[in-house]
Every structure is written in structure tokens, then in C-alpha cells.
J.: 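My structure is below; once you've seen it, I'll send some questions.
Both backbone and side-chain heavy atoms feed into the values below; hydrogens, waters and symmetry mates do not.
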Amino acid sequence: MAHYVVSDIHGEDDRFHAMLQKINFSKEDTLYILGDVVDRGPHPVELLREIMATPNMKMLLGNHEFMCLRYFAPDALEKHIQHWNRNGNATTLEGFNKLTEQEKQETLDFLRALPTHFEISVGGKNFYLVHGLPADTVYDEVWFRPYKDPIRTIPNCQLIIGHTPVSCFVHTETEAYSRSDEEELAYVQEMCERGELFSIFHHPQYIDIDCCCGYDFPNRRLACLRLEDMEEFYV
């Protein structure tokens with residue numbers, strides 16, 4: 001029995017299934033998914049439905065699922081509709097359009113019921129799993145980023161996050177700050193030229209496992225962390 005964590009799959013079902021094979025995922029294992037299953041990649045809704053049907057896959061709400069729910073709300077505001085339209089929702093809408101009305105309702109009900117964080121204990125170690133950062137509201141837990149928002153420490157817990165791609169911010173031992181879009185693209189290009197791939201980042205205050213899956217970066221990867229021994233896996 002093992003416990004794994006992934007985040008920000010963004011519809012890349014081929015990488016997700018390759019990861020399940022790589023870790024030999026079984027019915028005795030548990031996979032925690034820190035949100036952002038939908039948008040950008042080719043098959044987000046199909047992947048979401050697969051997760052819904054798998055009891056030992058536990059999913060959190062991400063900011064992209066949050067935008068999806070606001071888009072489909074009966075009283076959706078135009079600014080919320082446009083916000084999701086600007087954030088790679090085309091493949092998700094395409095997937096929803098293939099569902100029956102009952103399947104669509106089941107999927108939205110599943111998203112509405114998602115928690116924003118997990119507090120778990122594995123092998124005597126405590127973990128706080130969240131998409132963005134620990135916070136007091138749903139919005140903040142799915143949207144906060146460590147380069148601009150206060151990082152709340154959870155006593156005696158290892159904080160594991162997604163949401164913020166490791167490509168977009170610079171880390172030091174005491175702080176993190178954002179690259180501009182131009183700096184980020186230059187950084188990605190430099191990494192590609194050196195043959196480097198994105199990896200999980202271990203900061204003194206948190207572990208960031210968003211390795212840019214769903215982005216148009218040739219060196220992107222889906223990352224997975226096994227909590228028993230903190231071994232890292234990549235596809």
C-alpha cells in the first residue's frame with residue numbers, strides 16, 4: 001500500500017496513464033490529485049470521469065475546476081465566463097458537450113463536492129496537500145501563489161502544493177519571486193538547450209510538484225511524489 005501525489009494534469013491523459021504504469025498503481029494504493037485536471041490538454045473531461053469512477057483516487061479542487069464551476073453556474077457573471085474562456089477551456093467544453101445531461105450534472109456535482117485541501121498522515125509523517133496555498137477561503141486556497149501571498153505554516157506538517165509551475169518563479173532560501181513572461185520563456189529555452197527537464201522543487205517551506213504539464217513547453221513533465229519515502233517519478 002503506497003500513497004502518491006500528483007497535480008496539474010491538465011487533460012494530458014497519456015502522461016497520466018503512463019505515470020500509473022510507472023508507479024505500478026494498484027487498488028491497494030491511494031493517489032491524491034491536487035486539482036487542475038481540466039483545461040489545456042486533449043482529454044480533460046474523459047480523465048475527470050475516470051477519476052470519478054476510481055475510489056482510490058482522491059481529488060482536490062483546483063483553480064481551473066473553480067473557473068469551470070463559475071462558468072456553469074446558473075447566475076454566472078460575464079466576467080467569470082470570459083475569465084475561463086481566456087484560460088484554455090476549449091477542450092473541457094468539447095468534452096462536456098459529449099456528455100449526456102445526466103453525465104454533465106454528475107460531473108458538476110462531483111466538482112462542487114471537492115475539498116480544497118487534505119490533511120493526512122503517512123508513515124508517521126503529517127502532510128497538508130493543497131492546490132494553491134493554505135488559506136481561509138476556497139478562493140484563496142485554489143488561487144494563492146507562494147511568490148506573492150503569505151505562506152501559512154501548518155504545524156508539524158509538510159506542505160505540498162501545485163498550481164504554480166516551477167518555471168515561473170525564482171526561489172531563494174528565504175523568498176520566491178515571479179519571472180516576467182519574457183523571462184520565463186527565456187528560462188525555458190535555456191533549459192531546453194541544456195537538455196534539462198522540469199523537476200519537483202523543494203523549498204524550505206513547501207514542495208511544489210507542478211512541472212508544467214499542459215503547457216506548450218517541450219521540457220514539461222507530469223511529476224508524482226510517493227509519500228512513504230518521498231521518491232519522485234516523472235513522465
J.: Can you list every side chain to side chain donor-acceptor pair (under 3.5 Å) pair that touches residues 146-155, not counting sequence neighbours?
T.: Asp136-Arg152

J.: Under the side chain to side chain donor-acceptor pair (under 3.5 Å) test, which residues partner Asn85, sequence neighbours left out?
T.: Asn89

J.: According to ring-ring contact (aromatic ring centres under 6.0 Å, His included), who are the partners of Phe96, at least two apart in sequence or on a separate chain?
T.: Phe72

J.: My understanding is that a hydrophobic cluster links ILVMFWY residues whose side chain heavy atoms are under 4.5 Å apart, including indirect links. Using that, what else belongs to the cluster containing Met1?
T.: none

J.: Which value, rounded to the nearest 0.5 Å, describes the distance between Thr137 atom OG1 and Asp140 atom CG?
T.: 3.0 Å

J.: Indicate the atoms forming the closest heavy-atom contact of Leu111 with Cys68, along with that distance.
T.: CD1-SG, 4.0 Å

J.: Please tell me if the side chains of Phe16 and Val37 come closer than 4.5 Å, counting only heavy atoms from C-beta onward.
T.: no

J.: What residues, two or more places apart in sequence or in another chain, satisfy salt bridge (charged side-chain N to carboxylate O under 4.0 Å, His left out) together with Glu106?
T.: Arg49

J.: Which pairs pass salt bridge (Lys or Arg N to Asp or Glu O under 4.0 Å) with one or both residues in residues 53-82, sequence neighbours excluded?
T.: none

J.: So which atom in Cys211 and which in Ala223 form the shortest heavy-atom distance, rounded to 0.1 Å?
T.: SG-CB, 3.8 Å

J.: Describe, in one word, how the ring planes of Phe201 and His203 are oriented to each other, choosing from parallel (under 30°), tilted (30 to 60°) and perpendicular (over 60°).
T.: tilted

J.: Report the residues that fulfil side chain to side chain donor-acceptor pair (under 3.5 Å) with Gln189, sequence neighbours left out, ordered by chain and then residue number.
T.: Glu193

J.: Let me check something: do Leu222 and Phe25 share a hydrophobic cluster, defined by ILVMFWY side-chain heavy atoms less than 4.5 Å apart, either directly or through other members?
T.: yes

J.: Can you label the angle between the His83 ring and the Trp143 ring as parallel, tilted or perpendicular, going by 30° and 60°?
T.: parallel

J.: Do Ile51 and Val6 sit in one hydrophobic cluster, given that two such residues count as connected whenever their side-chain heavy atoms are within less than 4.5 Å of each other, even indirectly?
T.: yes

J.: So which atom in Ser7 and which in Gly162 form the shortest heavy-atom distance, rounded to 0.1 Å?
T.: OG-CA, 3.5 Å

J.: Test question: given the 4.5 Å side-chain rule for I, L, V, M, F, W and Y, name all other residues clustered with Leu77, or answer none.
T.: none

J.: For Asp229, check salt bridge (charged side-chain N to carboxylate O under 4.0 Å, His left out) against everything at least two apart and list the hits.
T.: Arg226

J.: Is Leu129 isolated, or which residues cluster with it under the ILVMFWY side-chain rule of less than 4.5 Å, directly or via members?
T.: Val5, Tyr32, Leu34, Leu60, Phe118, Ile120, Val122, Phe127, Ile160, Ile200, Ile207, Ile209, Leu225, Leu227, Met230, Tyr234

J.: Check salt bridge (charged side-chain N to carboxylate O under 4.0 Å, His left out) between Arg145 and all other residues, then give those that pass, not counting sequence neighbours.
T.: none

J.: Are a donor atom and an acceptor atom from the side chains of Asp39 and Thr92 found within less than 3.5 Å of each other?
T.: yes

J.: Considering residues at least two apart in sequence or located in another chain, which fulfil the side chain to side chain donor-acceptor pair (under 3.5 Å) criterion with Arg194?
T.: Glu196

J.: Verify, without hydrogens or angle tests, whether His80 (side chain) and Ala76 (backbone) share a donor-acceptor contact under 3.5 angstrom.
T.: no

J.: Between Glu228 and His3, does any side-chain donor sit less than 3.5 Å from a side-chain acceptor?
T.: yes

J.: Using a 6.0 Å distance limit plus a 45 degree cone around the ring axis, check whether Arg220 lies over the aromatic ring of Phe198.
T.: no

J.: How close do Pro165 and Asp208 get, heavy atom to heavy atom, and via which atoms?
T.: C-OD2, 4.3 Å

J.: Using a 4.5 Å cut-off on heavy atoms from C-beta on, say whether the side chain of Met19 contacts that of Glu12.
T.: no

J.: More than 12 heavy atoms of other residues, nucleotides or ligands under 6.0 Å from CG of Asp216: is that the case?
T.: no

